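Just below is one structure, and these are the notes that go with it.
Worth saying up front: this structure is predicted, and the values here are computed from it rather than measured.
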Amino acid sequence: MKQWTKKLLAFCMVATLVCSMVGCAGKKDPSIPPTAGTAEGGTNTEALYKAGTYTARKQGNGGMISVTVEFSETEILSVTIGENQETEGIATPVFDKFPEQIVKGQTLNIDAISGATITSDAVIEAVSDCVEQAGGDVNELKNKKVASTIAGEDIEKTADIIIVGGGGAGLSAAVSSSDLGASVILIEKGSALGGNTLRAGGAYNAVDPERQAALAMEGSQITELKEIAALDETTIAEEYRPTLATLKEQIKEYLKGDTSVLFDSVELHTYQTYKGGKRTGLDGSEIYGDFNLVQTLTKNSLDALNWLVSHDEEVGISDEIGTVLGGLWPRMHSLSTSVGHGFITPLQKAAEANGVEIILETAGKELIMENGRVVGVIAEQADGTKVTLHANKAVIMATGGYGANPKMAMKYDNYWGCLNENMATTNTVLATGDGIVMGDAIGANLVGMGFVQLMPSSQPVTGSLSGGLWTSAENQVFVNQEGKRFVSEYESRDIMAKAALEQTDAMFYIICDQSTAGDPQPGGQNGWGNDIDKLIEDGSVLKADTLEELAKKIGCDPTSFVKEIERYNNFCENGVDEDFGKVKLGEQIDVGPFYATPRSPSIHHTMGGLQINEKAQVLNIDGEVIPGFYAAGEVTGGIHAGNRVGGNAIPDIMVFGYIAGENAAAEK
């Protein structure tokens, strides 16, 4: 069994153990006396611990989490969270609440924070380790009876706009509607705002002639343009034919002039989104993106990005343009701040400044209908408190997809045929399809539900995107455990994921040299804010001074591996990938030290959801608008069809979040 398979099994066993013990709250025999010095009281003065301070480190979502616990002979005196690489915002509620709850209750029987389960489990296991070091009884603390949570009095509120979901789409809608003077209440199921946007890699596709002018065109890209220019327009969906005709003329004009500078256009982005999403299901049915939705996305993505950064002077747009994995063309933008934070922080600041009421730990449960119109939401807080919210104008659904609900993905699956309940995910655990279920209950039409995207390059243990070293897609080289390439690294994500699933243990490595890894330095961080030294120390990234040494760490034949990389380097030099037809070839892998990041596919994005029109209005099964009901983001379907092009998700939530908020505010 391979190293990462062992780690995955160990991780699952730990997670199962924690969940089972947390689920035992209140089942402890009441005849067992409370621990001395606890919140329940007691007079037992027998030593329970070896007084002192102990430290343990456990695997979190972004790397190892260090926790230090101080004990007296009878009590846990303090819990301190130390070095860690967890995502700020996602992990914050855990780090803020757990130390206080553990000390106050003298217990490890604490429910995981929604949206931060892996971080929660890691902290509990680290404290458990410290308890063992101090000679304490871990099982006693994990089974200790805690006071039951009592629901508060029912809450009832009214606003012009009610938004369900506090990720990028929900916050975009909150800001655009409140900018127009609408009163807004936003509820969020988790303990913090951000959702999947906060976890995202931060890639944002937009046609941007000014910034893209600095990029050179490659021969392989020119070849692809020539192939598009030669296409018969009748071979694609009818509604896309005028766009293809315009694109063909643009390409012909471009080829007459200076072909050294990158070509791009909204029409190319539209065509590639259509082509990237067109798929055939297991039942033989064909799916492709709704033209009006795709065109709305591609035409407005740059304006939406500029609108976003206008709300926070500390956030800027990088001038460097690249290609995210599965992005198909160099139009990926990044922000000046780390990954998802740059998209959430400006919107949160703007929403709060506009007086948007934000209610956390409150999950939408049911839509309120009156005379065929959506007029509110029934929700429930974490303690069971019922919340009824009335909308004077409209309700906007922005709860995200169902990437953390593998049962739902399996129920509808019409593409993979191999999904299972234990598949890892890059998603927050809150992405369980709640908004889709609520919409379905009132007759909203669901589209594209049979298609789920697997991210080929996920962390093998946690399923997260973070914890590795690489730069733009053209600079990545994938090799399997035998040290052999097996797919074009510039392909769509589903094709790369399918190829990865065919490898031993569905595992592979992303190979980079010093340059293509982003020139990592001692004490530095990667794009997710992970400490690079810690990643190497933990084995999340393998590092070697030579390719031969790296091959030994991977466990493959050095001679074969070196020949494979040399062959790839020749492709880069000649501009043609003779093995897999990689469209854009980046730098050669020839400057040590060298790095290998182990990766494996996990559930990443769900393309299906509530059907909307270009105004972000939700449609019923007859194709008619459901009055008072809007939706934006991954809760919707129809844009990405069978496969989402990498870098199109955040523009989707920003563009349609803005549109939903603007149109909802205009309701009578």
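- Without hydrogens or angle criteria, S458 side chain to P601 main chain gives no donor-acceptor distance under 3.5 Å.
- Under the 3.5 Å distance criterion, the side-chain polar atoms of S492 are left unmatched by any main-chain donor or acceptor of G276.
- There is no side-chain donor-acceptor pair under 3.5 Å between T298 and R331.
- For the 3.5 Å distance criterion, the side chains of S318 and E320 fail to qualify, holding no donor opposite an acceptor.
- Between the side chains of Q250 and S265, at least one donor-acceptor pair of N or O atoms lies under 3.5 Å.
- Interatomic distance, I612 CD1 to F656 CZ, rounded to the nearest 0.5 Å: 5.0 Å.
- Checking T273 against N648 by side-chain atom types alone, a donor-acceptor pair falls below 3.5 Å.
- Taking each heavy atom of H604 and N427 in turn, the nearest pair found is O-ND2, 2.8 Å.
- Taken to the nearest 0.5 Å, the CG atom of L293 stands 7.5 Å off from the CG atom of N613.
- Classified by interplanar angle (parallel below 30°, tilted 30° to 60°, perpendicular above 60°), the ring pair Y274/Y271 is tilted.
- Side chain to side chain, Q453 and N643 meet the donor-acceptor criterion of an N or O pair below 3.5 Å.
- Going from atom CD1 of I344 over to atom CG of L198 covers 6.0 Å, rounded to the nearest 0.5 Å.
- Distance NE2/H269 to OG1/T243: 13.0 Å, rounded to 0.5 Å.
- Using a 4.0 Å cut-off between charged side-chain N and carboxylate O, R373 and E667 make a salt bridge.
- Side chain of S183 to main chain of A159: no donor-acceptor pair is present (N/O by atom type, distance under 3.5 Å, no hydrogens or angles).
- Side chain of E634 to backbone of T606: a donor-acceptor contact under 3.5 angstrom is found.
- Classified by interplanar angle (parallel below 30°, tilted 30° to 60°, perpendicular above 60°), the ring pair F263/Y254 is tilted.
- In this structure, K498 satisfies the cation-pi test against Y415, with its NZ or CZ atom closer than 6.0 Å to the six-membered ring centre and inside 45 degrees of the ring normal.
- Ring orientation note: the planes of F343 and Y204 are close to parallel, at an angle under 30° on the 30°/60° scale.
- A distance of 7.5 Å separates CD1 in I626 from CG in L619, rounded to the nearest 0.5 Å.
- Residue pairs that meet the side chain to side chain donor-acceptor pair (under 3.5 Å) test with at least one member in residues 169-178, sequence neighbours left out, are S178-N354.
- A donor atom on one side chain and an acceptor atom on the other are found under 3.5 Å apart for E86 and T119.
- Defined by atom type and a distance below 3.5 Å, a donor-acceptor pair is missing between the side-chain atoms of Q459 and S466.
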